[in-house]
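No hydrogens, no waters, no symmetry mates; every other heavy atom, side chains included, goes into these values.
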Amino acid sequence: MTMTKTLKRTIVGLAVAAAMTATALAQDISGAGSSFVFPILSKWSANYTGGPRINYQSIGSGGGIAQIKAKTVTFGASDMPLSEADLNKFGLTQFPVIVGGIVVVYNLPGVPSGSMTLDSATLSGIFQGKITRWNDAAISRLNPGVKLPNQAIAVVHRSDGSGTSFIFTNYLSHVNAEWKENVGAATSVDWPTGIGAKGNEGVAGNVAQTSGAIGYVEYAYAKQNHLSVTKLVNHDGKVLSPGIDTFAAAASNADWAGAAGHGYNMVLVDQPGAAAWPITGATWAIFYKQPQDPAATAAALKFFKWAFSSGKAMASSLDYVPLPDNAVASIQNSWKQIQGAGM
């Protein structure tokens, strides 16, 4: 019997639709959350050829945690690790992906990048709205020889639930009792002063557009947007410039293997050491132990396995600190608890 033209068209159409559906499903490895990690995830995904690429939404750590709990993404990403209680409550597991630095950025004509130093007391005073002008005595004392203008300070902070905010406020809580009591540390706090912006992208953009502004962003955003950055006084009283070496010095104190026993829940701010950058943090990827789509989860873990082994140079090029080999080995061993991980 000869196949009719209509039937042929129908079969061809169904085959094309099936192929398109398969392609869409193959590419549907979704993640959402931290804007801190977005630059390196984007670079890794653009260079990955071992399977489906990651479709990642930079919506802030709070959004990433909400989406993974709602099971609308394959993985969430947060710069604030979940507690063991929350991990157990929701059947989740997490592991660190990368280490990076939070830097203080500013827009002050006539004051070049790297020429200004701040310490924990002045930083807390500025973000509490107690130091309101750039030529305040507290700032001037730290910067002899720098011509600071009599200009109002415009504070810019995150408006969304943000792991970058968690790292920044966690640092201030570590080093300033008044901040700890009055503001605290969280992905979202009741900011005493300033205007809010969404994402690291939003803070960087607002600082770039506002004369007299100050804010905090992951270092890659400062570099990409050509923003001026301050030096900071660290735990040991040393004045440091941000960079991969000072971020790595802070991360070198981390007990990655020991942290495996409690969900890799660790904080890297205010680490001791002459070369340790004071506002250093990590990003965690969050997965279900019993995922709705084991194949998508396995594909995502395969991507991270590749990133850990082949993405180190890419991470370093953006001034992130790749995880050490002992941490990677521990992390990959932890994947055994994820159903269908295939590891």
### Message
Could you walk me through whether Leu240 and Leu232 satisfy the side-chain contact (heavy atoms from CB on, under 4.5 Å) test, starting with their C-alpha distance in whole Å, then the side-chain angles of each, then the deciding distance to 0.1 Å, before giving a yes or no?
### Response
CA-CA 6 Å; Leu240 297 179; Leu232 290 177; 6.0 Å; no

Check: [X] ring centre within less than 6.0 Å of [Y] ring centre:
{"X": "Phe304", "Y": "Phe75", "value": "yes"}
{"X": "Trp335", "Y": "Phe95", "value": "yes"}
{"X": "Phe247", "Y": "Tyr219", "value": "yes"}

### Task
May I ask you to decide whether Lys130 forms a salt bridge with Asp136, counting only side-chain N to carboxylate O separations under 4.0 Å?
no

### Query
Would you call Lys238 and Asp236 a salt bridge, using N to O less than 4.0 angstrom?
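Result for this pair is no, no salt bridge flagged.
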
Residue pair [X] / [Y], side-chain heavy-atom distance below 4.5 Å:
{"X": "Lys71", "Y": "Ile68", "answer": "no"}
{"X": "Val229", "Y": "Val104", "answer": "no"}
{"X": "Ile126", "Y": "Ile214", "answer": "yes"}
{"X": "Tyr221", "Y": "Val105", "answer": "no"}
{"X": "Trp306", "Y": "Asn47", "answer": "yes"}
{"X": "Leu148", "Y": "Met116", "answer": "yes"}

Using atom types as modelled and distance alone, determine if a side-chain donor or acceptor of [X] lies under 3.5 Å from a backbone N or O of [Y].
{"X": "Asn176", "Y": "Leu172", "answer": "no"}
{"X": "Asn150", "Y": "Asn135", "answer": "no"}
{"X": "Thr169", "Y": "Ala186", "answer": "yes"}
{"X": "Ser317", "Y": "Met314", "answer": "yes"}
{"X": "Thr246", "Y": "Pro242", "answer": "no"}
{"X": "Ser124", "Y": "Ser120", "answer": "no"}
{"X": "Ser115", "Y": "Pro112", "answer": "yes"}

Checking side-chain polar atoms at under 3.5 Å, does [X] have a donor or acceptor matched by the opposite partner on [Y]?
{"X": "Ser30", "Y": "Asn55", "result": "no"}
{"X": "Tyr264", "Y": "Ser330", "result": "yes"}
{"X": "Gln128", "Y": "Thr193", "result": "no"}
{"X": "Asp79", "Y": "Ser34", "result": "yes"}

Parallel, tilted or perpendicular: which describes the rings of [X] and [Y], with under 30° parallel and over 60° perpendicular?
{"X": "Tyr216", "Y": "Phe168", "answer": "parallel"}
{"X": "Tyr48", "Y": "Phe303", "answer": "perpendicular"}
{"X": "Tyr106", "Y": "Trp134", "answer": "tilted"}
{"X": "Trp191", "Y": "His157", "answer": "parallel"}

#### Entry: Derivation and outcome, side-chain hydrogen bond (donor to acceptor under 3.5 Å, both in side chains), residues Asn170 and Ser173
CA-CA 5 Å; Asn170 193 287; Ser173 292; over 6 Å; no

Compare every heavy atom of [Y] with every heavy atom of [X], then report the nearest pair and how far apart it is.
{"X": "Ala250", "Y": "Thr280", "value": "CB-OG1, 3.4 Å"}
{"X": "Lys69", "Y": "Tyr288", "value": "O-OH, 2.9 Å"}
{"X": "Trp277", "Y": "Ile102", "value": "NE1-O, 2.9 Å"}

### Task
With side-chain contact (heavy atoms from CB on, under 4.5 Å) as the test, would you mind laying out the steps for Val217 and Thr164 before giving the verdict?
CA-CA 7 Å; Val217 296; Thr164 304; 5.8 Å; no

### Task
Evaluate the side-chain contact (heavy atoms from CB on, under 4.5 Å) criterion for residues Phe38 and Glu218: first the C-alpha distance (whole Å), next the side-chain angles of each, then the deciding distance (0.1 Å), finally the verdict.
CA-CA 10 Å; Phe38 178 68; Glu218 196 281 323; over 6 Å; no

### Query
Would Lys180 and His174 satisfy side-chain contact (heavy atoms from CB on, under 4.5 Å), going step by step from the backbone distance to the final call?
CA-CA 7 Å; Lys180 182 177 182 179; His174 264 73; over 6 Å; no

### Query
Is it the case that more than 12 heavy atoms not belonging to Lys43 sit under 6.0 Å from its NZ atom?
yes

